[in-house]
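A note on names: the letters A, B, ... follow the listed sequences, proteins ahead of strands, and every chain is numbered from 1.
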Amino acid sequence: MKKRKFYGIFAILLVFGVYGYEYYINEQDLAENVQEGARVKSEGRIFYLPTSTTGQVIHHNGYSLSYSEPHEQAEWVAYELKKSHLSRSTFERPYFEVDQAVKTGAASWRNYKNSGYDRGHLCPAGDKNYSKEAHDETFLTSNITPQNHDFNSGIWNTLEQKTRSWARKYDGVFVVTGGVLKGNMKTIGNERVAVPNQFYKVIYDAKHEKMIGFLMPHKNSNAPLANFVVPIDAIEVLTGIDFFPELEDALEDRLEASNSPTGWHF
DNA sequence: CTGGTGGGC
DNA sequence: GCCCACCAG
């Protein structure tokens with residue numbers, strides 16, 4: 001066997017070996033994620049979900065959500081983004097499916113057809129590329145909200161990518177995200193899916209005990225992400241949701257209202 | 001990465 | 001309903 005050929009085969013085996021190991025590790029992670037009531041037990045840590053203003057909390061394998069029937073979308077979606085979830089591989093986009101776990105009936109994807117709005121993921125598919133099952137689960141309509149394409153593919157996408165980079169840098173983060181379902185909103189489709197005027201994202205770094213919140217108008221912007229940082233409390237007042245109830249008091253004081261919270265590297 | 005449309009069977 | 005090609009920020 002020639003040396004070049006040997007190294008070629010060796011490289012291929014190495015690549016498959018690494019991906020195989022990551023797949024094995026991720027499957028173990030999924031099995032360890034026990035969900036009970038309003039709590040998610042993850043790696044020995046009890047993670048309290050946000051409060052629900054709608055009374056309809058649903059747990060999927062990769063994320064939980066609180067569904068607002070009047071707005072035909074989730075008021076929040078919450079999940080842990082582990083460092084081990086980050087993956088270079090990707091999966092083919094499946095078709096959107098109505099979430100059968102929503103007892104009041106989740107919105108149909110047809111509301112979005114020719115609406116001029118994207119079917120915008122709340123929990124991004126890009127955060128779930130560690131397995132096809134987890135990836136496809138993000139294509140339930142309960143995880144979707146109407147978004148301007150420029151916003152979705154613009155600054156919102158930038159924030160989602162920054163979140164992934166923080167998960168890599170800080171060894172995982174917890175994420176809660178959604179549209180602000182308040183005030184006068186446009187609707188789309190027969191089921192009148194509300195188009196939020198603002199979107200928020202709350203990110204919690206459990207390892208370093210720090211938290212950051214973003215509030216963005218529903219329009220694209222070229223401004224730096226740091227310009228959209230707000231105190232978590234401001235998002236709570238706006239939405240009526242309590243994020244991370246058991247941690248909030250201790251961390252809230254530490255989070256300054258400034259545009260560059262300590263510890264978060266932009 | 002984030003998404004869309006149109007055509008064929 | 002599903003799959004494919006092709007498109008844009």
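Of the two residues near DNA chain B, Phe96(A) and Thr90(A), the one whose nearest nucleotide lies more 5' is Thr90(A).
In this view, Phe96(A) and His121(A), Phe139(A) satisfy the ring-ring contact (aromatic ring centres under 6.0 Å, His included) rule, not counting sequence neighbours. Under the rule for a salt bridge (charged side-chain N to carboxylate O under 4.0 Å, His left out), the partners of Asp205(A) that lie at least two apart in sequence or sit in another chain are Lys210(A). Under the side chain to side chain donor-acceptor pair (under 3.5 Å) criterion, Glu160(A) pairs with Trp156(A), sequence neighbours left out. Residues meeting the side chain to side chain donor-acceptor pair (under 3.5 Å) test with Lys186(A), sequence neighbours left out: Tyr117(A). Evaluation of the ring-ring contact (aromatic ring centres under 6.0 Å, His included) rule for His149(A) yields no partner, not counting sequence neighbours. With sequence neighbours excluded, no residue forms a side chain to side chain donor-acceptor pair (under 3.5 Å) with Glu97(A). Asn157(A) pairs by the side chain to side chain donor-acceptor pair (under 3.5 Å) definition with Gln161(A), not counting sequence neighbours.
Contacts with DNA chain C (heavy atom under 4.0 Å) in residues 152-164 of chain A: Ser153(A), Asn157(A), listed by number. Contacts between residues 115-126 of chain A and DNA chain C, counted as heavy-atom distances below 4.0 Å, involve no residue at all.
Between Phe91(A) and His135(A), the ring-plane angle classifies as tilted under the 30° and 60° cut-offs.
In this structure, Met185(A) belongs to a hydrophobic cluster whose other members, linked by side-chain heavy atoms under 4.5 Å apart, are Leu181(A).
Boundaries of the chain A contact region on DNA chain B are dC1(B) to dT5(B), first to last in 5' to 3' order (nucleotide atom under 4.0 Å from a heavy atom).
Distance NE2/His208(A) to CH2/Trp264(A): 10.0 Å, rounded to 0.5 Å. With rounding to the nearest 0.5 angstrom, the NZ atom of Lys113(A) is 12.5 Å from the CG atom of Asn111(A).
Of all heavy-atom pairs spanning Thr138(A) and Ile144(A), the tightest one is O-CD1, 4.2 Å.
Asn114(A) comes within 4.0 angstrom of the backbone, heavy atoms only, and of no base. Residue Asn129(A) is classed as a sugar-phosphate contact, given heavy-atom separations below 4.0 Å to backbone atoms only.
Residues Ser68(A) and Glu75(A) bring no donor and acceptor atom of their side chains to less than 3.5 Å of each other.
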Please write out the pairs of protein N or O atoms and N or O atoms of nucleotides 2-4 of chain C separated by less than 3.5 Å, giving the distance to one decimal.
from: dC3(C); atom 1: N4; to: Tyr95(A); atom 2: OH; distance (Å): 3.1

